[in-house]
Protein chains: 2
Amino acid sequence: MSQAFRLKQSIEDAVIAGEFLPGDRLDEASLAERFGVSRTPIREALLQLGAEGFIDVRPRRGAIVSVPSPTRLFEMFETMAEIESACGRLAARRLTPDNDAAMEAAHRACEIAAREGDSEQYYADNRNFHEAIYRASRNSFLADQAFALHKRLSAYRRIQLRARNRLLQSLQEHAGILEAIRAGDEQLAATRLHDHVLVQGERFSDMVLGLAGDRRSDAAGSRSGTPK
Amino acid sequence: MSQAFRLKQSIEDAVIAGEFLPGDRLDEASLAERFGVSRTPIREALLQLGAEGFIDVRPRRGAIVSVPSPTRLFEMFETMAEIESACGRLAARRLTPDNDAAMEAAHRACEIAAREGDSEQYYADNRNFHEAIYRASRNSFLADQAFALHKRLSAYRRIQLRARNRLLQSLQEHAGILEAIRAGDEQLAATRLHDHVLVQGERFSDMVLGLAGDRRSDAAGSRSGTPK
DNA sequence: AGTTCTAATCTTGCATACAATTACTATATG
DNA sequence: CATATAGTAATTGTATGCAAGATTAGAACT
């Protein structure tokens, strides 16, 4: 496949892995050198990532990893909550044995990770659980939208999961969500998913505000000092 | 601003205007000639549009205007319905006088267009009405998502609005939506918006299936026909 | 010292050139 | 006559070069 596509994936992965932090500059020349290609495919990869909202490409001023303001970040979580609850509603309406089994398996994996307190593993399994719900909506377009947004928020979600006993609480919420979907209770499934996602957003906002002035206070980075 | 950005807009506009139909090939060389630039900025524009899902760029095989299958199209409308109803729910919760006035003005404009049976004008005013609701959600990220999807579906919505007396029915639905939002009834606003959008998707699916074998039956499938 | 203007440097945007792959056409063959 | 195949044309992917805007450093000035 074309190089630009591979590069897009690599750069996205590097951003998700936290190698480039929000606010970091994505210099075309150094990326080209790093990957051993010319600037052309790098540019194409960056522009695509920019179009997906993953990074910020400012004309004539280069690309940086997006730095959503606390407000924007909350809006993103709120949107994620709405999309996920839509997935849950549809999943409750259309659940098939296949999808049920997939959610069950993902839930079990989460359980193990949570029991062992392995937050890095839980992070991965949690993602699988949520993706199983997206698929269970049986609307592949909606699921794609959910995937994309989930990826964009992954950096923030990871930080957030490290919080004390959030793992166990998260797991319990998962159980409740599963129960509602299985019962075919669209309304309840939607509400529970909504709250499950939104609580992350709220917690994260608190954290951001709490950390303001700490390491990388600039990253939160509006153009006028400390936010809020 | 950079040329690639302008070109992206121009190509998108041309697609929305129906100048390029679903399935049409977007040749880099001819676009470059048409806009009087080299292939480089054209490529950059096409890749961005591809990343947004607006067109289909198949590696090594060029770009074409997306041809969603009937199933995919229905999924897109269903997703739009979910996103719009989320906007409506939030709007009902957070309505401000400003947003109320904007929706009212857009609704009045729709009323005039509908009364005069001007479907082209109604198409434009209808868009304003929906965008006013997106903004009234007071979640700019969610609103952006709604804008983007609305644009991607615009080609199909336009065709659909030409149907007999759909204009007046649409207008009545708008009135009901507005009423629910003003009453602060989140649930009702969400439901009414959901149905309002989904009925378009259903009608469109019917139309597509009904027209199968008619003009452009090829659009859904191969590249054998000779459109335009 | 702080500020502002200017010049040097760095980076991005676009065009051109070439390489690599796909699509097409014509010819040969069963 | 249809199909397979080889050669050719057309199109996309990547590299390189150059021009123009942006950033930085330095000097002059208040």
Side-chain angles (χ1 to χ4, degrees), chain A residues 1-12 14-15 20-67 218-219 221-225, chain B residues 1-12 14-15 20-21 23-67 218-219 221-228:
Chain A
M1 199 168 285
S2 74
Q3 245 178 117
F5 183 76
R6 229 195 311 280
L7 290 168
K8 179 182 154 200
Q9 201 59 41
S10 301
I11 296 172
E12 185 181 303
V15 170
F20 298 105
L21 295 170
D24 283 357
R25 203 136 176 295
L26 297 168
D27 178 51
E28 294 178 4
S30 25
L31 286 171
E33 192 182 15
R34 163 171 174 170
F35 291 107
V37 298
S38 81
R39 280 176 48 222
T40 309
I42 296 287
R43 270 182 74 79
E44 293 182 349
L46 290 177
L47 287 169
Q48 287 180 75
L49 290 171
E52 288 173 14
F54 218 86
I55 65 176
D56 240 45
V57 290
R58 307 155 305 175
R60 282 269 171 212
R61 307 190 60 214
I64 61 170
V65 180
S66 298
V67 188
D218 57 300
S222 56
R223 49 227 89 242
S224 63
Chain B
M1 198 167 285
S2 73
Q3 243 177 118
F5 183 76
R6 227 194 311 281
L7 290 168
K8 179 182 153 199
Q9 201 59 42
S10 300
I11 295 172
E12 184 181 303
V15 171
F20 297 106
L21 296 170
D24 282 359
R25 202 134 177 297
L26 296 168
D27 178 53
E28 293 178 5
S30 25
L31 286 170
E33 191 181 16
R34 164 173 173 168
F35 291 108
V37 297
S38 83
R39 278 175 50 220
T40 309
I42 296 287
R43 269 183 74 78
E44 293 181 349
L46 290 177
L47 287 168
Q48 287 181 77
L49 290 171
E52 288 174 13
F54 219 85
I55 64 176
D56 240 43
V57 289
R58 307 155 303 174
R60 284 271 174 210
R61 309 190 60 211
I64 61 169
V65 179
S66 298
V67 189
D218 58 298
S222 63
R223 62 216 77 249
S224 54
T226 52
K228 233 225 191 130

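Reckoned from all heavy atoms, side chains included, excluding hydrogens, waters and symmetry mates. Because the structure is predicted, anything quoted here is derived from the model rather than measured. Note on naming: letters A, B, ... go to the chains in the order of the sequence lines (proteins, then strands), and numbering restarts at 1 for each one.
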Point to revise | Proximity to DNA chain D (any heavy atom under 4.0 Å), residues of residues 40-52 of chain B only | key: B:R43
Exercise for review: Identify, with sequence neighbours excluded, every residue that meets salt bridge (Lys or Arg N to Asp or Glu O under 4.0 Å) alongside B:R60.
Suggested key: none
Results of side-chain contact (heavy atoms from CB on, under 4.5 Å) for [X] - residues two or more places apart only:
X: A:R61; result: A:R58
X: A:A29; result: A:D27
X: B:Q9; result: B:E12, B:D13

Revision key, fill the gap. In numerical order, the residues of residues 5-12 of chain B whose heavy atoms come under 4.0 Å of DNA chain C are none
Review point. How long is the span from the CG atom in A:L26 to the CG atom in A:D56, to the nearest 0.5 Å?
Key: 10.0 Å
Practice item. Evaluate whether atom CZ of B:F5 has more than 12 neighbouring non-hydrogen atoms of other residues, nucleotides or ligands under 6.0 angstrom away. Key: no
Revision key, fill the gap. The first and last nucleotides of DNA chain D lying within contact of chain A, meaning any atom under 4.0 Å from one of its heavy atoms, run from D:dT14 to D:dT23
**Study point:** Axis deviation across the helix from C:dA1-D:dT30 to C:dG30-D:dC1, five-pair ends, to the nearest 10°
**Key:** 20°
Practice item. Sequence neighbours left out, what passes side-chain hydrogen bond (donor to acceptor under 3.5 Å, both in side chains) with B:R34? Give chain and number order. Key: B:E19
Check your understanding: Considering all heavy atoms of both residues, which atom of A:V37 and which atom of A:Q3 are nearest to each other, and what is their separation?
Key -> CG1-OE1, 2.5 Å
Point to revise | Minimum heavy-atom distance between A:V67 and A:G23, given as atom pair plus value | key: CG2-N, 3.2 Å
N/O donor to acceptor pairs below 3.5 angstrom from side-chain atoms of residues 41-55 of chain B, sequence neighbours left out:
residue	atom	partner	partner atom	Å
B:R43	NE	A:E44	OE2	2.8
B:R43	NH1	B:E28	OE2	3.0
B:R43	NH2	A:E44	OE1	3.2
B:R43	NH2	A:E44	OE2	3.2
B:E44	OE1	A:R43	NH2	3.2
B:E44	OE2	A:R43	NE	2.8
B:E44	OE2	A:R43	NH2	3.2
B:Q48	NE2	B:E44	O	3.4
B:E52	OE2	B:K8	NZ	2.8

Exercise for review: Could you check A:R39 against B:P59 and say which one's nearest nucleotide on DNA chain C is further toward the 5' end?
Suggested key: A:R39
Check your understanding: Mind checking which nucleotides bracket the chain B contacts on DNA chain C, 5' to 3', with an atom under 4.0 Å from a heavy atom?
Key -> C:dC14 to C:dA23
**Study point:** Earlier contact from the 5' end, DNA chain D, for A:R61 and A:S2
**Key:** A:S2
Study note, to complete from the structure: Closest to the 5' end of DNA chain D, once A:R25 and B:G62 are matched to their nearest nucleotides, is B:G62
Check your understanding: What does B:R60 touch in the nucleic acid at a heavy-atom separation under 4.0 angstrom: a base, only the sugar-phosphate, or nothing?
Key -> base
